[in-house]
*Asks:* 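This is the structure, below, for whatever I ask next.
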Amino acid sequence: MSFSRIFTISTALVGFLPLAAGHSSLWHPSMYGFNVTQQTFDYDNRPVSPLMNMTFSQWWFHGHLDFPPNDGDFFELPAGKPATAEIACNKGATSFFASSEGGDIRTTNPNDVCPNSGSDAFHTKGFDDLTGCALAIAYNNDATTVQPEDFTVFSVNQTCVWTRFTDFQVPARMPPCPAGGCTCAFFWIHSPDSGGEQNYMNGFKCNVTGATSTVSLAVPKVPRRCGADSANGKWHSAPGNCTYGAKQPLYWFQQERNNMFEGTYAPPFYTDLYEFRDGPQDDIFEDSYVYLPDPSPTAPLPILNITSEAAVSFPWNTTRIEAAPLEE
Ligand SMILES: *[C@@H]1O[C@H](CO)[C@@H](O)[C@H](O)[C@H]1NC(C)=O
Ligand SMILES: *[C@@H]1O[C@H](CO)[C@@H](O)[C@H](O)[C@H]1NC(C)=O
Ligand SMILES: *[C@@H]1O[C@H](CO)[C@@H](O)[C@H](O)[C@H]1NC(C)=O
Ligand SMILES: *[C@@H]1O[C@H](CO)[C@@H](O)[C@H](O)[C@H]1NC(C)=O
Ligand SMILES: *[C@@H]1O[C@H](CO)[C@@H](O)[C@H](O)[C@H]1NC(C)=O
Ligand SMILES: *[C@@H]1O[C@H](CO)[C@@H](O)[C@H](O)[C@H]1NC(C)=O
Ligand SMILES: *[C@@H]1O[C@H](CO)[C@@H](O)[C@H](O)[C@H]1NC(C)=O
């Protein structure tokens, strides 16, 4: 596994609370803010710091647009294959410990998310409390001009954050990036069980490799809450209410530029609750659907473009959408 294929999400776990209570960020040389420390800003704006109730310039790219990666550092996204990320509570717990203030704090367990913070506790309980994380992409090599509406979620890991090495499946049909690469970001919102309206975002430079398709991504739409949600008294999914196809990330609980307006105890998640299937988001392309109606609780279901090219590696088809209502 080459270093370029590894990037790092950091999760600082608080005591013996479940994993979802942890602080998290992405660490990779391709990221914005790779070397930002507790002292860089006049508040703790390390990549692991959670983002909530912040101004746009504070939360967007974690306020790290002025801390770009070195030239040539990209996180590679191999079309049709997994991109492996590292998850750890501190840069020192990752392959990139050399530039960490505290040095190498890794343990003998390569999947140790947070060596000094009671990881045993969350590794044995809390798995059911995981709410997923996502990678999004904009086909724009200039992060400073990327807007929230430009990002499309292309891969979800619903069991994030659980192990340091975490796979994100890259859709097989991802088209090549423009000269100078693409702009990507990591997003995570954890379960409310351990408190805090915490959002996580870290931007990084990325590049699709091994592309075989040139079909563009569709314009991403705002995701909608459509799965069963027993924690909030909603016992049935509403499949017609889902946004299918290309979707923006979930921007929630900031002072500005939100696209989600859920309350404190009903956070939006990167799960089936918002039609973010586990794994590659294979239906995000311009030709993915032959029929894509506006969603509503009573809307008809969309119809996938079942051609050999457009349907490649679809994890489901319209028959299955109808036959298998979404679950939380
Ligand atoms: C968000 O921040 C504003 C301005 O600092 C403050 O007035 C408000 O109480 C905060 N809201 C929450 C929910 O923390
Ligand atoms: C981060 O710090 C390391 C060690 O000082 C340095 O080699 C590297 O170039 C820095 N990276 C960035 C993006 O500033
Ligand atoms: C999520 O990451 C874990 C750990 O790397 C991996 O085992 C799992 O297959 C990944 N899930 C998906 C859907 O890729
Ligand atoms: C992105 O990857 C493609 C395919 O490997 C390569 O041709 C291109 O030069 C890369 N772009 C950058 C900016 O590295
Ligand atoms: C439909 O989605 C909207 C937007 O997310 C949400 O407010 C509403 O509760 C959902 N309705 C149903 C029945 O799922
Ligand atoms: C369905 O996919 C095929 C193959 O990519 C494409 O030629 C066709 O235009 C697509 N149909 C629609 C409605 O996008
Ligand atoms: C869709 O899935 C159903 C059930 O798995 C299967 O019977 C059907 O042949 C599939 N249709 C297409 C077009 O792949």
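Along the sequence shown, residues are numbered consecutively beginning with 1. Just so you know, ligand 1 is whichever comes first in the structure, and atom 1 is the first atom listed for that ligand.
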*Asks:* Strictly distance-based, threshold 3.5 Å: is any side-chain N or O of Asp229 a donor or acceptor partner for the main-chain N or O of His236?
*Replies:* no
*Asks:* Side chain to side chain contact (heavy atoms under 4.5 Å, CB included) between Asn305 and Tyr289: does it pass, once the steps are laid out?
*Replies:* CA-CA 5 Å; Asn305 182 359; Tyr289 286 91; 5.8 Å; no
*Asks:* Specify the protein heavy atom at minimum distance from atom 5 (O) of ligand 4: its residue, its atom name, and the distance to 0.1 Å.
*Replies:*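 Of the protein heavy atoms, Thr209 CG2, 3.9 Å lies nearest.
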*Asks:* For ligand 4, note which part of Val208 has a heavy atom under 4.0 Å away: side chain, backbone, both or neither.
*Replies:* backbone
*Asks:* Within a distance under 4.0 Å of any heavy atom of Gly180, pick out the atoms of ligand 4 and give their elements.
*Replies:*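 This gives 13 (C) as the contact atoms.
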*Asks:* With a cut-off of 4.0 Å, which atoms of ligand 1 are near a heavy atom of Asn53?
*Replies:* 1 (C), 2 (O), 3 (C), 8 (C), 10 (C), 11 (N), 12 (C), 14 (O)
*Asks:* Side chain of Asn258, backbone of Met260: donor and acceptor closer than 3.5 Å?
*Replies:*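 Answer holds: no.
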*Asks:* Against the six-membered ring of Phe154, is Lys247 placed for a cation-pi contact (under 6.0 Å from the centre, within 45° of the normal)?
*Replies:*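 No; the conditions do not both hold, so Lys247 does not lie above the ring face of Phe154.
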*Asks:* Distance-only, no hydrogens or angles: does the Gln38 side chain make a donor-acceptor pair with backbone N or O of Asp44 under 3.5 Å?
*Replies:*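 Judged by distance alone, no pair lies under 3.5 Å.
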*Asks:* Under 4.0 Å, heavy atoms only, figure out whether ligand 6 is touched by the backbone of Asp287, its side chain, both or neither.
*Replies:* both
*Asks:* Applying side-chain hydrogen bond (donor to acceptor under 3.5 Å, both in side chains) to Asn111 and Arg164, what does each step give before you reach the verdict?
*Replies:* CA-CA 5 Å; Asn111 270 321; Arg164 174 179 157 211; over 6 Å; no
*Asks:* Can an N or O of Glu286 be found at a distance shorter than 3.5 Å from an N or O of ligand 6?
*Replies:*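 Min N/O separation from ligand 6 is not below 3.5 Å for Glu286.
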*Asks:* Scan the protein's non-hydrogen atoms and note whether one is under 4.0 Å from atom 11 (N) of ligand 1.
*Replies:*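 It does: a protein heavy atom is found less than 4.0 Å away from atom 11 (N) of ligand 1.
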*Asks:* Need the ligand 4 atom indices (1-based, order shown) with element for anything under 4.0 Å from a heavy-atom of Gly181.
*Replies:* 13 (C)
*Asks:* Below the 3.5 angstrom mark, is there an N/O of Asn207, backbone or side chain, next to an N/O of ligand 4?
*Replies:* yes
*Asks:* What do you think, any protein heavy atom under 4.0 angstrom from atom 2 (O) of ligand 4?
*Replies:* yes
*Asks:* Within a radius of less than 6.0 Å around OH of Tyr265, do more than 12 heavy atoms belonging to other residues, nucleotides or ligands occur?
*Replies:* no
*Asks:* Give me the ring orientation class for Phe41 and His64: parallel if the planes are under 30° apart, tilted from 30 to 60°, perpendicular past 60°.
*Replies:*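 Tilted, since the angle between the ring planes falls between 30° and 60°.
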*Asks:* Is atom 7 (O) of ligand 1 less than 4.0 angstrom from at least one protein heavy atom?
*Replies:*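 For atom 7 (O) of ligand 1 the answer is no, since every protein heavy atom stays at 4.0 Å or beyond.
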*Asks:* Tell me the protein heavy atom at minimum distance from atom 4 (C) of ligand 1, and give that distance in Å.
*Replies:*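 Ranking protein heavy atoms by distance from atom 4 (C) of ligand 1, first comes Gln255 NE2, 3.7 Å.
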